[in-house]
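One structure below.
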Amino acid sequence: METTKRCWVTGAAGLIGHAAAHAVPLPPGWAAVPLARGDLELADGPAVAARFRADRPDAILHCAAMSRSPDCQRDPVLARSWNVEATRRLAGLAADIPFALLSTDLVFDGKKGNYREDDAVGPLSVYAETKVEAEAAVRQNPRHLVVRTSLNHGHSPTGNRGFNEEILAAWRAGRSLRLFADEFRNPIAAVVTARAVWELLARGASGIVHVAGTEKLSRWEIGMALAARHPEGRGLVEAGRLSEYQGAPRAPDTTLDCTRARAWLGFPLPGYREWLAGNP
Ligand SMILES: NC(=O)c1ccc[n+]([C@@H]2O[C@H](COP(=O)([O-])OP(=O)(O)OC[C@H]3O[C@@H](n4cnc5c(N)ncnc54)[C@H](OP(=O)(O)O)[C@@H]3O)[C@@H](O)[C@H]2O)c1
């Protein structure tokens, strides 16, 4: 009888890690071993190595990260420790087993859009720089996988990690949001990202694969799509323009070409509004 393969899922109390560990059907023959920070602090090298030796997982799906850009900007040293060094350590331990790192569309500067996996990166923030460095660490092993995704929608255990959760929290506090009508992303549901990453891992994909929603939407269009579903948002979405903005550099169009993912996946990646319509 074939034994079940056990895959560590790090960041299991986060948006995508929780979806991957608890919310999606897994490929046949696989079981998730959820690891939240309370189970294992990934910055603690000796503890991670000891746990790996004791557990002997068959694969690692690495979703843990300092994922919010302002946090990384405030503390670049800690951001590198969590996003780069913890990733390097895990990928090293996983030298002989499948390993997938979740990465981001923000590795690109957003000047071009519709990025392919082999396009040149151009990180504009500390967060993006740490993800570029983490990707490079993972790609030392040609059998390992990097999955870049875009804005993820979902319900996180902490209630504040999905972009939809942040927008709803603002509306519920009565705050109007000015959202860029000229900044473009490919939003996707975290459960779709999680299902895709599992499939890629189980099917033996390696290198970089882009996994994102197939619809290119501005942040304003995303806000309008959510407001159409949530009455508390009606009248609380304004259209802004990047030219009015005076802050840290922003990437105007980080949309991702997902042709490579489509060749691997056994299901179609949906557009965001199509997915919303099917998941009331
Ligand atoms: N969500 C998106 O829209 C999006 C888009 C593109 C790429 N990504 C990437 O996808 C991955 C998952 O993102 P997410 O949205 O699920 O993030 P998230 O909700 O912030 O979850 C990340 C989790 O990792 C944990 N973590 C961070 N550092 C750790 C450490 N040193 N030891 C143990 N646990 C640690 C965090 O714990 P604490 O809460 O205690 O810090 C958190 O529970 C990340 O690599 C992110 O860069 C996400």
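Start at 1 and go down the list; that is how both ligands and their atoms are numbered.
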- Can you name the residues that come within less than 4.0 Å of ligand 1, going by heavy atoms only?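 If the criterion is a heavy atom under 4.0 Å, then ligand 1 touches G11, A13, G14, L15, I16, R37, L40, E41, L42, A43, C63, A64, A65, S67, W82, L102, S103, T104, Y127, K131, T149, S150, L151, N152, R161.
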- Query: Do E244 and R178 sit within salt-bridge range, that is, some charged N less than 4.0 Å from a carboxylate O?
  - Reply: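 Answer for the salt bridge query: yes.
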- Task: May I ask you to say whether R74 pairs ionically with D71, meaning some side-chain N is under 4.0 Å from a carboxylate O?
- Result: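 Yes.
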- Query: Do F163 and N152 touch side chain to side chain, with heavy atoms closer than 4.5 Å?
  - Reply: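 A side-chain contact under 4.5 Å is absent here.
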- Message: Does K112 have more than 12 heavy atoms from other residues, nucleotides or ligands lying within 6.0 Å of its NZ?
- Response: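 Counting neighbours around NZ of K112, more than 12 heavy atoms of other residues, nucleotides or ligands fall under 6.0 Å, so yes.
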- Query: Is atom CZ of R234 surrounded by more than 12 heavy atoms (other residues, nucleotides or ligands) closer than 6.0 Å?
  - Reply: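 Result for CZ/R234: enclosed.
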- If you look only at pairs with a residue in residues 222-251, which of them pass as a ring-ring contact (aromatic ring centres under 6.0 Å, His included), with sequence neighbours excluded?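 Listed once each, the pairs are F180-Y245.
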